[in-house]
Amino acid sequence: MATNEPTPTIDFIREIINRDNETGKYGGRVATRFPPEPNGYLHIGHTKSICLNYGIACQYHGTFNLRFDDTNPSKEEQEYVDSIKEDIRWLGADWEDRLYFASDYFEQLYDYAVQLIKKGKAYVCDLSPDEIREYRGTLTEPGRESPYRNRSIEENLDLFERMRQGEFPDGSRVLRAKIDMASGNLNMRDPAIYRIKHAEHHRTGGKWCIYPMYDFTHCLSDSIERITHSICTLEFEDHRPLYDWFLDELGVYHPRQIEFARLNLTYTVMSKRKLLQLVQEGHVSGWDDPRMPTVAGLRRRGYTPEAIRNFATRVGVAKRDSTVDIALLEHCLREDLNLRATRVMAVLRPLKVVIDNYPDGQIEQVEAVNNPEDPGMGTRMIPFSKTIYIEQDDFMEDPPKKFFRLAPGREVRLKHAYYITCADVVKDASGNVVEVHCTYDPASRGGGTPDGREVKGTLHWVSAAQAIPVEIRLYDHLFTKEDPGEDGGDFRTLLNPHSLEVLTGCLAEPSLAEARPGRPYQFLRQGYFCADSGDSRPDHLVFNRTVPLRDSWAKIQKAAK
RNA sequence: UGGGGCGUCGUCAAGCGGUAAGACACAAGCCUUUGGAGCUUGCAUUCGGAGGUUCGAAUCCUCCCGCCCCAGCCA
């Protein structure tokens, strides 16, 4: 990752690593991993984990593995492994040549299971799923031991082998760890470690009909890869005794599992289930809808990897459940875009302005700075002429206090061009202003006058004849409530009906004809935009508003109400 | 008395017995050829509550209160 990003503070995980390094627990070595299940798209919550794991690996000169946790063939697909790899790469985390799949370890995992059986620590159980649930007991009552719990090692070995050979139907038997049916921790009440699933696996095909469970697979995969610190989210905290149990019973290399609080964001949802529902029910156009908190959605919206990474380090790492204000994410975005976005002019809701004293048919080119934050980005020329368009919001016939824009008799600056003064308005039959007539001061070219007189407002504009038509999509938060998951109601009733507003008939300066996805622009006084990677074409440009500029005029208006 | 975790500003989050960092948000002001950006200032006498230990407690002890997770042959 780039080095100009803020140095993370010493969070509790780095403290643990520092301590392990001091005591030499792992010989000073640091190895982390990101272990996604390929059953969905990555979202902003995952980026916190990726940045944490990759960031730690970089900081301690260690290694970072990408390992797909693909132990459930009925839920996992190649499409997801491809998108996950693409997203992680785009984010900037590099697993180099360490791309692994838990399914690569199936043979070894099988051997470990056999070892457990031989130690008398695992047995084949013939109870049905319902019976197993019954025998498990409840949160407050202990469970009962399975009648199959004390089968002989020989019988278990034979049965397990036959499970592998495909002799039994799905759900008929399961291999269980023999631990403690009375444990207060339900995970320790003889958890299943292998189940029968006659299903095609996206990588191993039809080779297996038994598949290992998460708890058994994860710790051993970490062990096989010599991971030192296995970082996961809070809900796995009470799986840790089990993680440790398998490793201890098998006497193998033992990584340390550490849990941290997952990321929650206001005005959005993060669960895979809900995200999938939004896609399947058509509330959004797909996983990469620019309103989605998915990495694909954020990318299409115009977010940059730098902004996301910066955000990830600024939210910190701790164990307390928390919901970060989405304003922080947007702040990180603006902070990054402000430095790199090319400033251009586009009018979202055009209002025609005729400059009466400007020569008919004359077109001149005015020079515009591409980015005041970075003079190195140079300048460009923009056409100016007698008929231009400004923003409807920038004119008011009867302006309130503190309105610094155009109004009858008022003089304003056209950015990069001239001062104009409003002389007259033209209205339609229903009284709407459809055209404004102005005069300009030829001495104000470039935006200043010899007499040094000041104007309060500066407007963006486009020249009518040269402007190009574009479609602009404005986005707002997907939900109307800070926490759409609150009090168990149907989160779909909280969808923001105005999360997408499509504007057609927008006009942009000619240079935007060259706009391509992935390149950030600031539409002056409006916000940051990018060409839409899905729908923008050279003959039909479509721009997404990545995030609006902060708008203090909007605040004044709001305060006035 | 099922087990596991967590409670510091509106939201994140430092703090690790020596007298509450920082960020976002918010507010006021300056500046400005983007009402953008930038700059300045303000914003927890108090750390879930009550006791206790101590010269001194957000930090240690006790009790209480609140919130989150766990009863998939999901991860």
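Because only heavy atoms are used, hydrogens play no part in the values below, and waters and symmetry mates are left out as well, while side chains stay in. So that the names make sense, note that chain A is the first sequence line, chain B the second, and so on, each numbered from 1.
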Compare the ring of A:Trp553 with the six-membered ring in the base of B:G35 and state whether they stack (centres under 5.5 Å, planes under 30°). yes
The side chain of A:Lys319 lies closest to which of these nucleotides: B:C73, B:G35, B:G5? B:G5
Among the nucleotides B:A13, B:C12, B:G5, whichever has the atom closest to the side chain of A:Val315 is B:C12
Starting the side chain at C-beta, find the nucleotide from B:A27, B:C12, B:A75 nearest to A:Asn72. B:A75
A:Arg550 side chain N/O closer than 4.0 Å to the phosphate oxygens (OP1, OP2) of B:A25? yes
Suppose you measure atom P in B:A14 against the same atom in B:C6; what distance do you get, rounded to whole Å? 13 Å
Report which part of the nucleic acid A:Arg405 touches: base, sugar-phosphate, or nothing (heavy-atom distance under 4.0 Å, all strands). base
Nearest heavy atom decides the nucleotide; on that basis, is A:Ser322 or A:Ser552 closer to the 5' end of RNA chain B? A:Ser322
Regarding A:Arg343, tell me which of base, sugar-phosphate or nothing describes its non-hydrogen contacts under 4.0 Å with the strands shown. base
I'd like the P distance from B:U11 over to B:G3, given in whole Å. 31 Å
Kindly label the base of B:G72 as syn or anti, based on whether its glycosidic torsion lies within 90° of 0. syn
Would you please test A:Tyr440 and A:Tyr418 for ring-ring contact (aromatic ring centres under 6.0 Å, His included) and show each step? CA-CA 7 Å; A:Tyr440 86 115; A:Tyr418 292 100; 4.8 Å; yes
Taking only the side-chain heavy atoms of A:Arg195 (C-beta and beyond), determine which of B:A71, B:C74, B:U34 contains the nearest atom. B:C74
Hey, is the side chain of A:Arg19 poking within less than 4.0 Å of OP1 or OP2 on B:C16, counting only N and O atoms? no
Taking OP1 and OP2 of B:A13, is either one under 4.0 Å from a side-chain nitrogen or oxygen of A:Arg314? no
Base, sugar-phosphate or nothing for A:His416? Non-hydrogen atoms, less than 4.0 Å. base
When A:His239 and A:Glu373 are each assigned the nearest nucleotide of RNA chain B, the 5'-most assignment goes to A:Glu373
Look at all strands and tell whether A:Asn338 reaches a base, only sugar-phosphate, or nothing, counting heavy atoms closer than 4.0 Å. base
Please classify the nucleic acid contact of A:Val547 as base, sugar-phosphate, or nothing, using heavy-atom distances under 4.0 Å. nothing
Give a yes or no on whether the ring-centroid distance for A:Tyr194 and A:Phe160 is below 6.0 angstrom. yes
Testing B:G3, B:C24, B:G72 for proximity to the side chain of A:Asn185, the answer is B:G3
Scan every strand shown for a Watson-Crick or G-U wobble partner of B:U34, both distances under 3.5 Å, and answer none if you come up empty. none
For A:Lys456, answer base if it contacts any base atom (sugar-phosphate contacts may also be present), sugar-phosphate if it contacts only those atoms, and nothing otherwise; contact means non-hydrogen atoms under 4.0 Å. nothing
Students often get this wrong, so: under 4.0 angstrom with heavy atoms, is A:Glu15 touching a base, only sugar-phosphate, or nothing? base
Between A:Glu259 and A:Gln257, is there a side-chain donor-acceptor contact under 3.5 Å, judged purely by atom types and distance? yes
Confirm from the modelled atom types if A:Arg320 and B:G5 form a donor-acceptor pair under 3.5 Å, side chain to base only. no
When the C1' atoms of B:A75 and B:U19 are compared, how many Å lie between them, rounded to an integer? 47 Å
Would you verify whether the NZ or CZ of A:Arg151 falls within 45 degrees of the ring axis of A:Tyr123 while also being under 6.0 Å from that six-membered ring's centre? no
With sugar-phosphate meaning primed atoms plus P, OP1 and OP2, does A:Thr266 contact a base, only sugar-phosphate, or nothing at under 4.0 Å between heavy atoms? nothing
Return yes if the base of B:U34 and the side-chain atoms of A:Gln522 contain a donor-acceptor N/O pair under 3.5 Å, otherwise no. yes
Winner on side-chain proximity to A:Glu237, out of B:A25, B:G4, B:U34, is B:G4
With a 4.0 Å limit, can you tell me whether A:Lys555 has a side-chain N or O closer than that to the phosphate oxygens OP1/OP2 of B:A27? yes
Taking only the P atom of each, what is the distance from B:G52 to B:A58 in whole angstrom? 15 Å
Mind checking the P distance from B:C67 to B:C60? Whole angstroms is fine. 24 Å
Indicate, yes or no, whether a donor-acceptor pair under 3.5 Å links the base of B:G35 to the side chain of A:Asp551. no
Could you please name the partner base of B:C26, counting Watson-Crick and G-U wobble pairs only when both distances are under 3.5 Å? B:G42
Within 6.0 angstrom of A:Arg262 CZ, more than 12 heavy atoms from elsewhere: no
For A:Tyr211, report the nucleic acid contact type (base, sugar-phosphate, nothing); a contact means any heavy atom under 4.0 Å. nothing
So, OP1 or OP2 of B:A75: does either fall under 4.0 Å of a side-chain N or O from A:Arg273? no
Watson-Crick or G-U wobble partner for B:G66, using a 3.5 Å limit on both distances? B:C6
It should be established whether A:His460 places a side-chain nitrogen or oxygen under 4.0 Å from OP1 or OP2 of nucleotide B:U34. no
Checking base pairs now: Watson-Crick or wobble, both atom distances under 3.5 Å. What partners B:C60? B:G52
Considering only heavy side-chain atoms of A:Lys402, the closest of B:G35, B:G2, B:A23 is B:G35
Which part of the nucleic acid, if any, lies within reach of A:Arg133 when heavy atoms closer than 4.0 Å are counted: base, sugar-phosphate only, or nothing? sugar-phosphate
For the residue pair A:Arg413 and A:Tyr419, would you count it as a cation-pi contact if the rule is NZ or CZ under 6.0 angstrom from the ring centre and within 45 degrees of the ring axis? no
Using only side-chain N and O atoms of A:Arg136, determine if any of them is under 4.0 Å from OP1 or OP2 of B:C70. no
Is it the case that A:Arg164 places NZ or CZ above or below the six-membered ring of A:Tyr110, under 6.0 angstrom from the centre and within 45 degrees of the axis? yes
Base, sugar-phosphate or nothing for A:Leu242? Non-hydrogen atoms, less than 4.0 Å. nothing
Do the charged groups of A:Glu335 and A:Arg314 touch, with an N to O distance under 4.0 Å? yes
Between B:U46 and B:C63, how far apart are the two P atoms, rounded to whole Å? 27 Å
Does A:Tyr135 reach a base, just sugar-phosphate, or nothing at all? Heavy atoms under 4.0 Å. nothing
Checking all strands, does A:Met213 fall into the base, sugar-phosphate, or nothing category for heavy-atom contacts under 4.0 angstrom? sugar-phosphate
Over all strands shown, is A:Pro372 touching base, sugar-phosphate only, or nothing at heavy-atom distances under 4.0 angstrom? base
Residue-phosphate contact under 4.0 Å: A:Thr138 side-chain N/O, B:G2 OP1/OP2: no
Roughly how many Å apart are B:C9 and B:U59, using the P atom of each and rounding to a whole number? 15 Å
Answer yes or no on whether A:Lys319 is positioned over the face of A:Phe260, meaning its NZ or CZ is under 6.0 Å from the six-membered ring centre and within 45° of the axis. no
